[in-house]
Amino acid sequence: MSGVPGANPLRDPQDRRLPRIAGPSGLVIFGVTGDLSRKKLMPAVYDLANRGLLPPGFSLIGFARREWQDEDFAQEVHDAVKQHARTPFREEVWQQLIQGMRFVQGNFDDDEAFEQLKTTIQELDKAQGTGGNFAFYLSVPPKFFPKVVQQLKKHGLADQKEGSWRRAVIEKPFGHDLKSAQELNQIVHDVFPPNEVFRIDHYLGKETVQNILALRFANTMFEPIWNRSYVDHVQITMAEDIGIGGRAGYYDGIGAARDVIQNHLLQLLALTAMEEPGSFHPKALVAEKLKVLTAVELPEDLGKHTVRAQYAHAWQGGEEVPGYLEEDGIDPKSKTDTYAAIKLTINNRRWAGVPFYLRTGKRLGRRVTEIAVVFKRAPYLPFESGATEELGSNALVIRVQPDEGVTVRFGSKVPGTSMEVRDVTMDFAYGESFTESSPEAYERLILDVLLGDANLFPRHQEVELSWNILDPIEEYWDKHGKPAQYPAGTWGPAEADEMLARDGRSWRRP
Amino acid sequence: MKIDLTETTSSKINQALVSARRAIGTPAIGMVLTLVIVTDEENAYDALKSAGDASREHPSRIIAVIKRVSRSPRSRRDARLDAEVRVGSDAGTGETVVLRLHGELVNHAQSVVLPLLLPDAPVVVWWPEDAPADPAKDPLGALAQRRITDAYSAEHPGEELAVRADSYTPGDTDLAWTRITPWRSMLAASLDQQSAQVVSATVEGESENPSCELLAMWLADRLKVPVERTVSAGPGLTAVRMETKNGVIVLDRPDGSLATLSMQGQPDRAVALKRRETAELLAEELRRLDPDNTYAATVKFGVAKLAGQAAPTPAEPAAAAAPAAAKKTAAKKAASK
């Protein structure tokens, strides 16, 4: 753990009750008035404090254009915490936090504001004992990234001094293709060393995603069948039931594949398909993820094995909703995809010939993210022909959200005098076996940033490899045809069903 | 849903559990452990409530073993088992069985509990008060991987800690130890920030509060320096001072909720250190079921040794007001020993 000097006699690895508390540190949030900051970051900071995981004197600095005083900022955080925090509001925790809250007003090109930020940080080092350790959270549109990191450099805020650290936290999108991602990486790495740059993919902070590793590598019963001999194919789905809402400006031109497949789904694929790492050391883990991402191969005929589409005007769950092309701020001729489905294969001994189907979309049937490993049918069924008519394929489904858990589907005899086999499910739900509310992803990720633990953050090589996979598909889509249409509130266009039907398979209804 | 059974047996209780689950339509899934609470009629309500709240974090089958006092020779001869089965919303997130043992059966509680344990899942026994001198040798304690006692509820907490140290078996733990986790983690964090060598320390808190002794013993054991235990009016622990070569580190909590951390060369900082409910303590306890070696080392350090090394001001409990000690019933302890 960084920030912890060698020999603290009160620390003992055997003493597992003592939580991992971050060392003296502070967090600077750029774009603190944004939605993400109010709904996720501020509540996560409070929840961490409430669980006693933040160091005494932890400081939070907000940076935004709005003309606020420290008190207005504190009030804003207070409201956000009351409304969105996971753990109950406690006055004494709030009193602890409020002492280290500051607000700096300014634009990103405002040198004075950054000087002000520098003074504030120095003041906090004195008043709160933050020890010069600060993480800069860039919760701002990507077009401001270069400006902000250059300002940080210019004002000496990113200088790594002996015995303290400065870290940068950035949110997706990490570029919109390989070239822009490389440029972005270069800009950030120019200012912060690569190991001090934390890219947030909040999916990796989710308990269920970390559980993929536990499920695969802590058990014996899954690993023997986790390969091409038993697995028929894998479906990874992330569906949203909302439209683009007010994000037209960001979304148009980006689309579902860049927004979701490039980061979340390819990360889920990597975790599902990777080999066992030698240890959970960040380097070992990233090495395995890189290996499997390098082995990913695109289908030869992109037209047949990828589908993109846009939601069309329809009734969804009792509400009449507009189609994508009718949304405010969207060009009626836009070719941006709100639904994307692609087929990938992985060229290695374990997965050769096993297709991985990735799909994501907006305005689908319901909000769900899951990984379904679908197994081959039994080679021979010693039953009468009618007995197994209702039997589907065995499947293991990791439900990432909501209703986190794992489902195993298999055949069972229907009670009665005749032999008839039907699919049943065996279910493990987090809500049943563990805490009622497991920590929010952002809690875990912010704590890891403060601790300097990079395991749950995609490295720049992973980001670049993911673009490598997606870029040819986007190029193909650019040149050929236009997106299909699907009624809002359904599970995607008919073309996507045909895409699987060509392989003799069908999509699960998640 | 609640089913009352009188003059019953474990197998009838098991049947009742199955039919109760059927009736409300949820199969038994997801329970991670069996929590056995050994208590009496007087404390059963509070203990069950805490356990029910803790079960939101650790869904469990909660078995309350209530030993009924027999007042006449005839009732002592009459062995009888009554049970109350609660499933669904009445029972936290798991299921609860309240067992009332009468007469001779009081001495054979394990025979009732054994068939009711969840298959394959860990077993935890909790004595909210009146824990046996050697929990691991107790017939009920012997069924468990984890045995939770509470020195705070004892008549003489100091002596109780000595008893715990003598009979310590891996898997034993005490809620008085659980109570100080936030203090320990804050003290450890303060030394993270200022790695100065500690030369001596003081732990101040209400008398008759074994958490103060445990914290003092932990510091003495880890820091290898003399630690003094002084008495204040409470509530609970009120302050820890660590003298270092760079000045003093003080963690001071006068009101039982918001503490101040003062360190040489650094500003005073507020730290939330609220006294926790039993349910939260229990939830922490159930999070790890492996032996707690740090607790073992601490409790074995010995209360006597602690009192011996801090010679100048021996703890003088008589004068100090100890509000919390008063609410614990004193008579029971004498009865059980």
Side-chain angles (χ1 to χ4, degrees), chain A residues 1 3-25 49-59 90-100 123-131 133 405 426-438, chain B residues 26-27 29-32 56-59 93-94 177-178 180-182 184-195 197-198 218-219 221-225 242 251 255-261 263 265-274 283-285 287-288 290-295 297:
Chain A
M1 261 172 265
V4 181
N8 180 349
L10 295 184
R11 291 240 180 253
D12 175 8
Q14 289 215 3
D15 194 348
R16 276 167 297 214
R17 250 177 232 266
L18 291 192
R20 306 190 307 162
I21 293 193
S25 54
N50 200 0
R51 290 161 67 209
L53 300 178
L54 291 183
F58 175 81
S59 302
R90 290 189 180 149
E91 194 55 36
E92 72 275 7
V93 176
W94 179 247
Q95 289 306 330
Q96 175 187 342
L97 267 183
I98 199 170
Q99 291 190 339
E123 182 253 321
L124 283 171
D125 280 346
K126 284 204 196 75
Q128 293 280 96
T130 37
N133 301 316
M426 212 154 69
D427 209 73
F428 153 70
Y430 265 80
E432 277 161 4
S433 294
F434 298 110
T435 59
E436 201 174 18
S437 62
S438 41
Chain B
T26 54
I29 39 173
M31 283 185 287
V32 291
R56 305 212 173 275
E57 185 171 326
H58 309 278
T93 58
W177 171 247
T178 323
I180 57 174
T181 307
R184 296 196 304 121
S185 90
M186 201 42 71
L187 291 170
S190 72
L191 284 195
D192 283 347
Q193 299 196 8
Q194 197 169 67
S195 54
Q197 199 193 337
V198 180
W218 177 64
L219 289 172
D221 181 50
R222 299 298 311 173
L223 299 172
K224 318 277 184 236
V225 296
M242 293 192 291
L251 187 56
D255 62 351
S257 100
L258 189 66
T260 314
L261 177 68
M263 288 161 81
Q266 286 190 24
D268 286 4
R269 278 161 301 188
V271 177
L273 267 186
K274 197 173 162 54
E284 177 188 321
E285 227 20 271
R287 226 164 275 157
R288 294 203 163 271
D290 47 349
D292 187 340
N293 297 333
T294 314
Y295 167 69

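Residue numbers begin at 1 in each chain, while the letters A, B, ... track the order of the sequences.
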- line: So, the part of T178(B) with a heavy atom under 4.5 Å from chain A: the answer is both
- prompt: Considering only heavy atoms, which portion of R288(B) lies under 4.5 Å from any heavy atom of chain A: side chain, backbone, both, or neither?
  reply: side chain
- request: Look at E285(B) together with R17(A) and state whether they make a salt bridge at an N to O cut-off of under 4.0 Å.
  value: yes
query: Quick one: of N50(A), D12(A), L10(A), V93(A), who has the most non-hydrogen atom pairs under 4.5 Å with chain B?
result: L10(A)
field: Closest-packed option against chain B by number of heavy-atom pairs under 4.5 Å, given G52(A), G405(A), G131(A), G57(A)
entry: G57(A)
Minimum heavy-atom distance between N133(A) and P24(A), given as atom pair plus value: ND2-O, 2.8 Å
- request: Can you tell which part of Q14(A) gets under 4.5 Å to a heavy atom of chain B, answering side chain, backbone, both or neither?
  value: both
- request: Identify which part of D290(B) has an atom lying under 4.5 Å from any heavy atom of chain A, answering side chain, backbone, both or neither.
  value: side chain
- line: Note: R222(B) and R11(A) closest approach over all heavy atoms is NH2-O, 3.5 Å
- line: Under 4.5 Å to a heavy atom of chain A? For L187(B) that would be both
task: Taking all heavy atoms of S59(A) and all of T130(A), pick out the closest pair and write down the distance.
output: OG-CG2, 3.4 Å
query: Would Q95(A) and E91(A) satisfy side-chain hydrogen bond (donor to acceptor under 3.5 Å, both in side chains), going step by step from the backbone distance to the final call?
result: CA-CA 6 Å; Q95(A) 289 306 330; E91(A) 194 55 36; 2.9 Å; yes
- request: Provide the closest heavy-atom pair for A188(B) versus N8(A) in the form atom of the first, atom of the second, distance.
  value: O-ND2, 2.8 Å
